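Note that the coordinates shown come from a computational prediction; the quantities given were computed from them, not determined experimentally. Side chains are part of it too, since the values below use all heavy atoms of this structure and drop only hydrogens, waters and symmetry mates.
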Amino acid sequence: MVRSHSRPVLMGKSMRRVSTSASASSTDVADPLAAYHAHQKQAPRLPMAEEVRTLASLAKFTVLCTCDAATPSGDEEQEGGFWPAGSVTGVAFDDEGRAILALSSLSSHTRDLERDARCSLVVMAGGFAGVSDARASLPCKATKLEGDAAAAAREVYLKAHPDAFWVDFGDFSWFAAEVARPCRLVGGFGRAGSVSVSDYASASPDPVKPFAGPVCGHMNADHSEATAAIASELIDLSASSLTSARMDSLDRLGMDVSVVADVGGESVTLPVRVPWPRPAESRADLKTLIVEMTKSAAATAAAANQSTSKEEANTESE
């Protein structure tokens with residue numbers, strides 16, 4: 001299930017909402033961004049299960065919510081026997097999608113899990129800055145690991161946290177938290193829904209998402225004009241004037257770009273989903289696709305300029 005919302009768009013110091021939904025309405029006829037809405041409705045995105053697994057696989061820390069093990073009394077006992085408690089802890093996810101946790105016996109959340117295995121983990125997109133960024137909640141049941149299972153968990157965790165020497169201290173134990181109920185995903189404005197336990201288990205993390213940071217950073221620092229040209233070619237912004245573009249993220253199916261455009265005399269920021277011509281499976285694929293799309297956009301722009309020049313010449317000769 002996906003719920004449609006409107007997305008806030010910044011205009012200087014003010015805030016305007018530009019809908020990212022392409023649903024028909026009486027105002028669509030005069031909408032200068034009708035083509036944009038239509039394109040965005042069809043733009044391919046990762047399946048929600050894959051997006052949740054990707055968020056989890058890249059997470060280094062999580063908000064761990066447990067059932068407070070403090071002895072209940074009075075009204076607390078009548079309200080269910082516990083209050084939910086939240087903490088922040090390091091995490092690494094194994095190939096099965098289980099959250100691997102190294103927890104100290106001195107921490108209250110460890111005692112909580114030993115009393116009640118139910119917990120929920122919140123994982124967020126790298127560089128999370130606010131409600132427009134993706135996050136997911138994973139309801140789990142945690143199991144304390146021993147022997148070979150603990151050794152395997154240690155290997156997974158240290159791969160993600162190579163400097164975590166403290167996991168070998170005597171008060172630390174290994175836990176694996178396995179998804180036990182449907183996960184909740186909020187992928188930013190206009191994208192929210194749930195992922196079943198079976199869909200989560202069968203999905204795999206996106207293969208190129210780990211490269212999003214360095215690739216986007218390089219494009220924004222050195223090739224922002226290429227990003228703008230690519231967005232202009234794919235989205236019909238003829239009724240507007242695109243002034244800048246920033247690559248925010250990417251995955252195997254496409255990239256997410258924020259473009260600033262002049263629409264009806266107003267400067268608005270539009271979220272643009274730009275699909276790749278074909279799926280990317282590696283960092284090398286990303287480079288190939290971006291170069292290919294940059295060349296295509298340049299050729300389209302050159303052809304448009306040549307056509308405009310001919311029209312102007314014909315007008316002058318009349």
What closest approach, in Å, do [X] and [Y] show between heavy atoms, and which atom pair accounts for it?
X: Ala102; Y: Val167; answer: CB-CG1, 3.8 Å
X: Ala231; Y: Leu242; answer: CB-CD1, 4.5 Å
X: Ala153; Y: Leu145; answer: CB-CD1, 3.6 Å
X: Asp262; Y: Ser267; answer: OD1-N, 4.3 Å
X: Thr66; Y: Cys119; answer: CG2-CB, 4.3 Å
X: Pro207; Y: Glu281; answer: CG-OE1, 3.5 Å

Does [X] reach the side chain of [Y], with side-chain heavy atoms less than 4.5 Å apart?
X: Thr143; Y: Glu178; answer: no
X: Ser120; Y: Ser137; answer: yes
X: Cys216; Y: Met219; answer: no
X: Cys67; Y: Asp112; answer: no
X: Glu50; Y: Asp206; answer: yes
X: Pro271; Y: Asp256; answer: no
X: Arg283; Y: Pro214; answer: yes
X: Val272; Y: Gln40; answer: yes

Would you indicate whether [X], at its atom [atom1], is surrounded by more than 12 heavy atoms from other residues, nucleotides or ligands within a distance under 6.0 Å?
X: Asp95; atom1: CG; value: no
X: Arg45; atom1: CZ; value: yes
X: Arg135; atom1: CZ; value: yes
X: Asp148; atom1: CG; value: no

In terms of hydrophobic clusters joined by side-chain contacts under 4.5 Å, are [X] and [Y] together?
X: Val215; Y: Ile230; answer: yes
X: Tyr36; Y: Val259; answer: yes
X: Val291; Y: Val208; answer: no
X: Tyr157; Y: Leu101; answer: no
X: Val274; Y: Phe211; answer: yes

From [X] [atom1] over to [Y] [atom2], what is the distance, rounded to the nearest 0.5 angstrom?
X: Cys183; Y: Arg53; atom1: SG; atom2: CZ; result: 9.5 Å
X: Leu64; Y: Leu138; atom1: CG; atom2: CG; result: 11.5 Å
X: Ser107; Y: Phe172; atom1: OG; atom2: CZ; result: 6.5 Å
X: Leu46; Y: Arg191; atom1: CG; atom2: CZ; result: 7.0 Å
X: Leu113; Y: Ser108; atom1: CG; atom2: OG; result: 10.0 Å
X: Met293; Y: Lys295; atom1: CE; atom2: NZ; result: 14.0 Å

**Request:** Run the numbers on Arg252 and Asp285 for salt bridge (charged side-chain N to carboxylate O under 4.0 Å, His left out), then give the verdict.
**Result:** CA-CA 9 Å; Arg252 66 182 179 87; Asp285 285 349; over 6 Å; no
**Message:** Quick one, Thr269 with Ser258, criterion side-chain hydrogen bond (donor to acceptor under 3.5 Å, both in side chains). Give me CA distance, side-chain angles, the key distance, then yes/no.
**Reply:** CA-CA 6 Å; Thr269 299; Ser258 294; over 6 Å; no
Donor-acceptor contact below 3.5 Å, side chain [X] vs main chain [Y]:
X: Arg98; Y: Ala176; value: no
X: His161; Y: Lys60; value: yes
X: Asp133; Y: Ala129; value: yes
X: Thr294; Y: Ile290; value: yes
X: Asn220; Y: Arg246; value: no

**side-chain contact (heavy atoms from CB on, under 4.5 Å) evaluation trace for Leu103 with His109** = CA-CA 8 Å; Leu103 304 179; His109 52 229; 3.7 Å; yes
**Request:** Decide yes or no on side-chain hydrogen bond (donor to acceptor under 3.5 Å, both in side chains) for Ser104 and Asp171, but give the supporting numbers first.
**Result:** CA-CA 5 Å; Ser104 169; Asp171 57 304; 2.5 Å; yes
**Message:** For a side-chain contact (heavy atoms from CB on, under 4.5 Å) check, start with the C-alpha distance between Ser249 and Lys209, then their side-chain angles and the critical distance, and finish with the verdict.
**Reply:** CA-CA 8 Å; Ser249 188; Lys209 193 70 171 184; 2.6 Å; yes
**Request:** Evaluate salt bridge (charged side-chain N to carboxylate O under 4.0 Å, His left out) for Arg273 paired with Asp251, printing each intermediate quantity in order.
**Result:** CA-CA 11 Å; Arg273 176 66 174 179; Asp251 53 57; 2.8 Å; yes
**Message:** Please determine whether side-chain contact (heavy atoms from CB on, under 4.5 Å) holds for the pair Leu55 and Leu185, giving the CA-CA distance in whole Å, both sets of side-chain angles, and the decisive distance to 0.1 Å.
**Reply:** CA-CA 10 Å; Leu55 284 171; Leu185 169 71; 3.8 Å; yes
